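All values derive from a computational prediction rather than experimental measurement.
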Amino acid sequence: MDLSRRVFVTSAAAVAVTAGLPALPATAADTDLSRIPVGPGDTPAELVRKASQVRPTARQIAWQQLERTAFLHFGVNTFTGLEWGTGDEDPDVFQPAGLDTDQWAQALRDGGFRLAILTVKHHDGFVLYPSRYTDHTVASSRWQSGHGDVLRSFADSMRRHGLKVGVYLSPADENQYLHGVYANGSARTTHTIPTLTEGDDRTPERFFTLDATDYGAHMLNTLYEVLTEYGPVDEVWFDGAQGHIPPDKVENYDWDSWYTLVRTLAPDASIAVTGPDVRWVGNEGGLAREDEWSVLPVKENQYGRTDWALSYDTADEGSRAALVAAQPKTDYLQWWPAECDVSIRDGWFYHADQQPKSVDELTEIYFGSVGRNAVLLLNVPPDTDGRLHATDVVRLREFRERVDRELPEDFASGARKTVTSGGVTVDLGREREADRVRLAEDIRYGQQAEGVAVEVYTAGAWAEVVTAGTVGASRILRLAEPVTARRWRVRVTAARGAVRISEFGLYRSRG
């Protein structure tokens, strides 16, 4: 679906819901409303009031508008056949003789994706650019005579084709473990970042003094290279993986220092999914919960890491009941929207014996992620030639074409809309048949809707055709059968505060 065709109810279309809760101002330039502290004495009503006042940051709003993002798992595992490397690979195994990052970008753009994330460093520690801080890099391979730089090629290609750039640096590092740096038991001390190396020709405008372990400092220097030498970065992706090491030697990651460096060097970048901006949805199947909240109870762990107050796989993360259940462990209520990661193939890295998911499967994933207030992160792994496999390229195009058929022209566009105290009514001017409804709240004012009903006017009365709980930034409802009517409305049945419907779209699928 071409996002430029999406039609929104004006921001003035505030659907007032009687919730009995005062609201903070919608905007506060000098106040961060993305997280609000929770105290042990907060009543259930106070928890709901606070949740209604949480607002996303500008970077979070921009991220949620992306809808479809891509992952590119690429590295030594592509050539060894492993999913989790060992760290002692011979760098010379990395030989993508036909590397074509423009082909990646073209295929992703044609598939409807707007941002791509490259595995700059996976758990094995092999780095896809020539780093000053490790020899386990592309520079130690005979590929391109040791002068190759996948990250530079990737970043240049994505921008050239109009895609945003994301980088994934795994906190785990098997190679640094083998070299006695990762999980070596070192204390946190103050480090100067970047740490200049012998023959270093850099003249940084600013140095940072940050607390970190030996390995934490290694990660800071790696982040500094990536975020200062490859142009603007729009998403920095961490997970919480630990290396294949004895449990008594776990590395406690220096999240506070890492976050500080990213915020300073890439202020517009979202930090995901072990980060304060974006969270993991809790599975690798690409599916969000039926009712997915962007406002969650969170706690801080391990040097400032944003963490779930409830478990990451809890079926209910943000309802009124969840807020109460989580209260004993909650430090904040925070805007922490969900990212749904899944691979187009069974594995995250390319394996020649695997095939991509069908168009039907990908379509269900789209409705189960983008259609449920989340952003889809679809992994498409480059093959051993350094290209996206032709079968995957075709599947990406077919996927976009299918979504376009599922959500063709919104015929509510330009129709007369009436805002009342309980919802939005659309008069199409004549009877039209629809089987898809797309809703969105203006999330600048938070996520407020707890229940909505879509109705049509027929035989002199309003009749319900479909209901939903949460809405958030994007909710797509599929009707069991097409419904024909001239007048349609969305009615808010439950809410935390004033609901502002920013989109009410009607479609007849041609799937």
Report task. Find the distance between CG (L169) and CG (L227) and round it off to the nearest 0.5 Å. Result ->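 Nearest 0.5 Å value for the CG-CG distance: 8.0 Å.
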Considering residues at least two apart in sequence or located in another chain, which fulfil the ring pair (Phe, Tyr, Trp, His ring centres under 6.0 Å) criterion with [X]?
X	result
F79	F94
F113	none
W280	Y312
F399	none

Requested in this report: Assert yes or no for the condition that the ring centre distance of Y303 to W258 is strictly below 6.0 Å.
Outcome: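 No.
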Report task. Could you tell me if the ring centre of Y129 sits under 6.0 Å from that of Y230? Result ->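 So the answer is yes for these two rings.
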**Report entry** All side-chain hydrogen bond (donor to acceptor under 3.5 Å, both in side chains) counterparts of T134, not counting sequence neighbours
**Finding:**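 Partners of T134 by the side-chain hydrogen bond (donor to acceptor under 3.5 Å, both in side chains) criterion come out as none, since no residue qualifies.
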Query raised in the report: When you look at H351 and F349, which way does the ring pair (Phe, Tyr, Trp, His ring centres under 6.0 Å) test go after all the steps?
Result: CA-CA 6 Å; H351 305 282; F349 287 88; 7.6 Å; no
Give me each pair satisfying salt bridge (charged side-chain N to carboxylate O under 4.0 Å, His left out) with a member in [range], each pair once, sequence neighbours excluded.
range	result
residues 182-197	R188-D254, R188-D256
residues 119-135	K121-D173, R132-D200, R132-E225, R132-E229
residues 263-280	R59-D277, R263-D277, R279-E292

Between [X] (side chain) and [Y] (backbone), is there a donor-acceptor pair under 3.5 Å?
X	Y	value
R49	P44	no
T137	A139	yes
T228	L265	no
Y133	M219	no
E174	G87	no

Could you pull out all residues at least two apart from [X] that satisfy salt bridge (Lys or Arg N to Asp or Glu O under 4.0 Å)?
X	value
K50	D42
D149	R152
D291	R475

Query raised in the report: With a distance cut-off below 6.0 Å to the six-membered ring centre and an angular limit of 45° from the axis, does R320 pair with W293 as a cation-pi contact?
Result: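 No - R320 does not lie over the ring of W293 by the 6.0 Å and 45° rule.
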Output yes when [X] and [Y] qualify as a salt bridge under the 4.0 Å nitrogen-oxygen rule, no when they do not.
X	Y	value
R387	D385	no
E441	R500	no
D331	R35	no

Requested in this report: Compare all side-chain heavy atoms of E235 with those of Y168 and state whether any distance is below 4.5 angstrom.
Outcome: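 A side-chain contact under 4.5 Å is absent here.
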Query raised in the report: Hey, mind stepping through Y182 and Q242 against side chain to side chain donor-acceptor pair (under 3.5 Å) and telling me if it holds?
Result: CA-CA 10 Å; Y182 182 93; Q242 292 281 350; 2.9 Å; yes
Requested in this report: Applying side chain to side chain donor-acceptor pair (under 3.5 Å), run through T213 and E251 and close with a yes or a no.
Outcome: CA-CA 9 Å; T213 63; E251 172 78 30; 2.7 Å; yes
Requested in this report: Check the pair N221, T195 against side chain to side chain donor-acceptor pair (under 3.5 Å), reporting the backbone distance first and the verdict last.
Outcome: CA-CA 7 Å; N221 279 310; T195 306; 3.2 Å; yes
Query raised in the report: Residues two or more places apart in sequence or in another chain: which of them pass side-chain contact (heavy atoms from CB on, under 4.5 Å) with L178?
Result: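 Result, side-chain contact (heavy atoms from CB on, under 4.5 Å) vs L178: D88.
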